[in-house]
A.B. asks: 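Please find one structure pasted underneath; my questions will follow.
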Amino acid sequence: MSTLTKILIVLLSLFSFFLCGTVVTYVGNANNYKKLYEAEKSAKDVALAEKASALRQYNEQVDEFKKRTEKFTGQIQLLEDEKSKLVADLRTAERDSLKYQARADSWQGILTGFEQTIANLEQSLKVTQEQLDTVRKADIQEKQEFNQLTARLYETLVQLETLRADKRRLLEEKTAMEDQFRKASGGQTVSAKANVVTPRPSLAAPVSAMPGATDLKGLITEVGESLVSVSIGAADGVSKGMIFHVTRGDEFVCDVMITDVDTNKAAGVLDLKIQQPRIGDTVSTRL
Amino acid sequence: MSSMRKPVSVSDLYTAILALATGVVLTTAIFVAVKCHTDYGEIFTIFQSAR
């Protein structure tokens, strides 16, 4: 055996060992592509099934979406109609609001004018009330003077009537005396008594004093700022300076000092005023 | 007659090496065949995907 043969045997053996090791290593580590293929095929089938299911669900959802879209489109249309109606109502309400606001402003101006007018009227009423009180006071004084003049007139008339009666009586006495004188001058005897028919007037007697005005009672008939009128007067025994107590039920209201007296009524000023007297309150000299 | 003489092996060492290499190759071939049969059920047929 030649040396070359030996070398070739050794190289062939080494190459065979190396090649066989490589082949064993590769084959031992190689993947099982059949299993991988089957796994991938199963995954593909599952994926296809899932795709079909997803497609079916997609179609169902698309159908439902279309139905909902149609439903919502109808609702949107209804809402649009309602919105248009509400917008129209809103514009109408805004116009009404502006109109009512204008009317409110107008009423506010009118109210302000009324308030001013009322203030002026109140001021005028106050002035008029004061003038009325003054006029009433003057009226009371004039009535009092009128009553006094009337009383004097009556007194004068009574005196005049008395003088007329005296005149008639004197004329009758004169006539009777003249007749007696003629008869006496003619020789006839006549009775000395004259035929007098007019009676001798009696002398005026003083009026008996009024019963003691110890418990006079009346009502308030008029009320002013500081003056009141009562329903009793000189005929009931009221005189100047008297003080009446004004009561309302069981409550004391004020005092009234009489300043002017008429026949059937009197007037006075307020004193010890606790409340404002009113028409119909009771006045009395004793509580 | 000298050229017809019986060859005498020079050494059994190289014969053993060749035998060992042959055994290794055969073992490798058997391993590959068993592996192919285990994984694919075939030895020489190329696997075809079923479409």
Side-chain angles (χ1 to χ4, degrees), chain A residues 1-70, chain B:
Chain A
M1 180 179 292
S2 64
T3 304
L4 181 62
T5 303
K6 294 178 182 178
I7 292 170
L8 289 175
I9 289 170
V10 171
L11 290 176
L12 179 64
S13 300
L14 292 176
F15 180 74
S16 299
F17 294 154
F18 176 75
L19 183 60
C20 289
T22 302
V23 168
V24 169
T25 302
Y26 175 76
V27 171
N29 294 326
N31 295 322
N32 189 349
Y33 289 104
K34 185 178 181 182
K35 288 184 180 179
L36 293 175
Y37 168 75
E38 289 176 353
E40 291 295 332
K41 184 180 179 182
S42 299
K44 176 190 174 186
D45 293 338
V46 171
L48 288 174
E50 290 179 352
K51 176 186 177 183
S53 176
L55 184 62
R56 186 173 61 253
Q57 292 180 358
Y58 170 75
N59 290 329
E60 291 176 356
Q61 290 183 356
V62 166
D63 294 337
E64 186 176 359
F65 175 75
K66 287 181 179 178
K67 291 179 181 178
R68 288 186 179 181
T69 302
E70 293 176 356
Chain B
M1 292 302 289
S2 59
S3 58
M4 293 298 290
R5 61 184 181 179
K6 183 180 180 181
V8 178
S9 64
V10 178
S11 174
D12 293 333
L13 176 63
Y14 297 99
T15 303
I17 291 171
L18 284 173
L20 179 60
T22 304
V24 169
V25 170
L26 290 174
T27 302
T28 302
I30 292 169
F31 172 74
V32 170
V34 170
K35 181 72 175 176
C36 288
H37 185 73
T38 301
D39 290 344
Y40 302 107
E42 299 291 339
I43 296 176
F44 299 107
T45 303
I46 297 174
F47 180 76
Q48 293 179 352
S49 62
R51 292 183 178 177

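Letters A, B, ... are given to chains in the order of the sequence lines, protein chains preceding strands, and every chain is numbered from 1.
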A.B. asks: Could you tell me whether the side chain of A:Ser16 reaches within less than 4.5 Å of the side chain of B:Val24, counting heavy atoms only?
C.D. replies: no

A.B. asks: Side chains of A:Val10 and B:Tyr14, heavy atoms from C-beta outward: is any pair under 4.5 Å?
C.D. replies: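 Sidechains of B:Tyr14 and A:Val10: in contact.
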
A.B. asks: Do B:Tyr40 and A:Asn32 have side chains that get closer than 4.5 Å, going by heavy atoms?
C.D. replies: yes

A.B. asks: Search all heavy atoms of B:Thr28 against all heavy atoms of A:Cys20 and return the closest pair with its distance.
C.D. replies: OG1-CB, 3.0 Å

A.B. asks: Given the options B:Thr27, B:Val32, B:Asp39, which has more heavy-atom pairs under 4.5 Å with chain A than any of the others?
C.D. replies: B:Asp39

A.B. asks: Can you tell me how far the CD1 atom of B:Ile17 sits from the CZ atom of A:Phe17, to the nearest 0.5 Å?
C.D. replies: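 Between atom CD1 of B:Ile17 and atom CZ of A:Phe17 there are 7.5 Å.
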
A.B. asks: Nearest 0.5 Å, please: how far is NZ in A:Lys6 from CG in B:Leu13?
C.D. replies: 9.0 Å

